[in-house]
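As the structure lists them, so they are numbered: ligands from 1, and atoms in each ligand from 1.
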Amino acid sequence: MSKVVRGKYTSEAVCGFNHRTAVEEAARCLLCHDAPCSKGCPAGTDPAKFIRSIRFRNIKGAAETIRENNPLGGTCARICPYDRLCEEACSRCGIDRPIEIGKLQRYAIEQEEIFEMNILEAPETVQDEKIACIGAGPASLACSAELAKAGYQVTVFEREEKAGGVLTYGIVPSRLPQEVVEHDIRQIEKLGVKFQFGKEVNVCELSAFDAVFLGIGLWEPKLPEIDGIHLKGVYSALEYLKEARIKKEGFEKGTKVVVVGGGDVAVDCAVTAKLLGAEEVRMVYRRTLEEAPGNMTEFQYALSLGIGITTNMAPSALRGKEHVEFAEFKGRDGLSELKISCDTVIFAIGQRGADMGKAMEADNVFAAGDIVNGGKTAVEAVAEGKAAAADIIKYLDMKGVK
Ligand SMILES: Cc1cc2nc3c(=O)[nH]c(=O)nc-3n(C[C@H](O)[C@H](O)[C@H](O)COP(=O)(O)OP(=O)(O)OC[C@H]3O[C@@H](n4cnc5c(N)ncnc54)[C@H](O)[C@@H]3O)c2cc1C
Ligand code: SF4
């Protein structure tokens, strides 16, 4: 029988740098004049600049560069796909291996917290205009931080009890500890951003605001129309991950768990079930592993935990009286069939956004993040939230001129 390892679920799996190893790693940097790493960061965090600061032991300078450019600098340091972004662009790739940019960013932000650096503070001049941000995920957090820096009065409305969106209610805490997200959010609060929790709002309720930003993400589940989909024990990915985060010890993680999907979200679900003590966990994906969108390192981690992976099979029906007992699959070849005994089935095959209705027709309503791009990464939501803030400021400036 497998052991419950909530400790492993909540405590961070990857170690960071200490002062000596961080400075040594930064010393490998070639100080490139054209800084391809900085061009590779969608949010403009400017790694070339902060790596240079660490190299010369100016850790506060490094933290300032990160914090001023990316309000979720601590979070992005943990979960960004660097291998596709700044580290892939790094000139040292052509020599030996890229600079470990993510770990250097993590080191600088850890020092910011330890030494209570207080880099961000509310500006002295406050503008008259009030702006509402709906949702407190990465897109809204970035948008609200940029607007607050420019002196606008910003209120973020979030229907859950905490800020962070998917960072707080989705991603496995062993990849992204909650304290890291909360440290980033505290820095945004220092800029004067106000939060109202437990409040689901729509644009029509916010006519008292001069502009509204929508960063509501994708929270409606996508489920296949197959027999048995309404049985007990069947979850969408975010439903399962969120319950795991909220319910702690009372969470029914399942004993024999099947996860349908081949992306990082599917791996997060399988890892969550396994680390919380499920006996058998199997991922089933409709194509080959090479075709799967998930990160290969994450698949390897799942395999190392004893999670099984079956490929080229798509779900055809779920069977059971009230509760799911079997999941049936049909092969990509049109011939093979598979029946797995289970008490929990999690579908990680995508999410969709709530219908925004006519909300976007008003000229003072702006949107960014997953709800607009269809679901990408946290750093892209940050980049788009920053760009939306610039558009809002331009809009308010023009309105002021008329
Ligand atoms: C399981 C999982 C793992 C992921 N792993 C990674 C990763 O490792 N690296 C990475 O870069 N990206 C990852 N992503 C993607 C990343 O988390 C998202 O791209 C990012 O969170 C999108 O930010 P957002 O602000 O657009 O939306 P969200 O994070 O979804 O935030 C939207 C917020 O709006 C709130 N909301 C919605 N409607 C209302 C309303 N009417 N009123 C008030 N509040 C409302 C929601 O409660 C939520 O808090 C992952 C996603 C998932 C699902
Ligand atoms: S691309 Fe790599 S080597 Fe060049 S400045 Fe950036 S981190 Fe340093």
- Query: Taking N or O atoms only and a 3.5 Å limit, does Arg175 qualify as a polar contact for ligand 1?
  - Reply: yes
- Message: Any nitrogen or oxygen of Ser140, side chain or backbone, less than 3.5 Å from one on ligand 1?
- Response: no
Under a 4.0 angstrom heavy-atom cut-off, which atoms of ligand 1 come close to [X]?
X: Ala139; answer: 25 (O), 26 (O)
X: Gly369; answer: 26 (O)
X: Lys199; answer: 42 (N), 43 (C)

[X] (side chain) donor-acceptor with [Y] (main chain) under 3.5 angstrom:
X: Asp184; Y: Gly74; result: yes
X: Arg92; Y: Leu30; result: no
X: Arg319; Y: Phe326; result: no
X: Arg245; Y: Ile171; result: yes

Applying a heavy-atom cut-off of 4.0 Å, say which part of [X] lies close to ligand 1: side chain, backbone, both or neither.
X: Ala378; value: both
X: Glu158; value: both
X: Tyr169; value: neither
X: Thr377; value: both
X: Asp268; value: side chain
X: Leu241; value: side chain
X: Glu380; value: neither

Check ion pair [X]-[Y] (N to O, under 4.0 angstrom):
X: Glu110; Y: Arg106; value: yes
X: Lys194; Y: Glu189; value: no
X: Glu325; Y: Lys256; value: no

Tell me whether ligand 1 is touched by [X] - counting only heavy atoms on the residue side and a distance under 4.0 Å.
X: Gly375; result: no
X: Asp264; result: no
X: Pro138; result: yes

- For Phe366, ring pair (Phe, Tyr, Trp, His ring centres under 6.0 Å) partners two or more places apart: Tyr395
- Message: Quick test: of every protein heavy atom, which one is nearest to atom 6 (C) of ligand 1, and how far off is it to 0.1 Å?
- Response: Ile171 CD1, 3.7 Å
- Item | Top protein contact for atom 36 (N) of ligand 1, by heavy-atom distance | Arg159 NE, 3.8 Å
- Given Val166, Val382, Val201, which has its nearest heavy atom closest to atom 21 (O) of ligand 1? Val166
- Taking the six-membered ring for Trp, are His19 and Tyr107 parallel (under 30°), tilted (30 to 60°) or perpendicular (over 60°)? tilted
- Message: Closer than 2.8 Å to atom 2 (Fe) of ligand 2, what protein N/O/S atoms do you find?
- Response: Cys90 SG
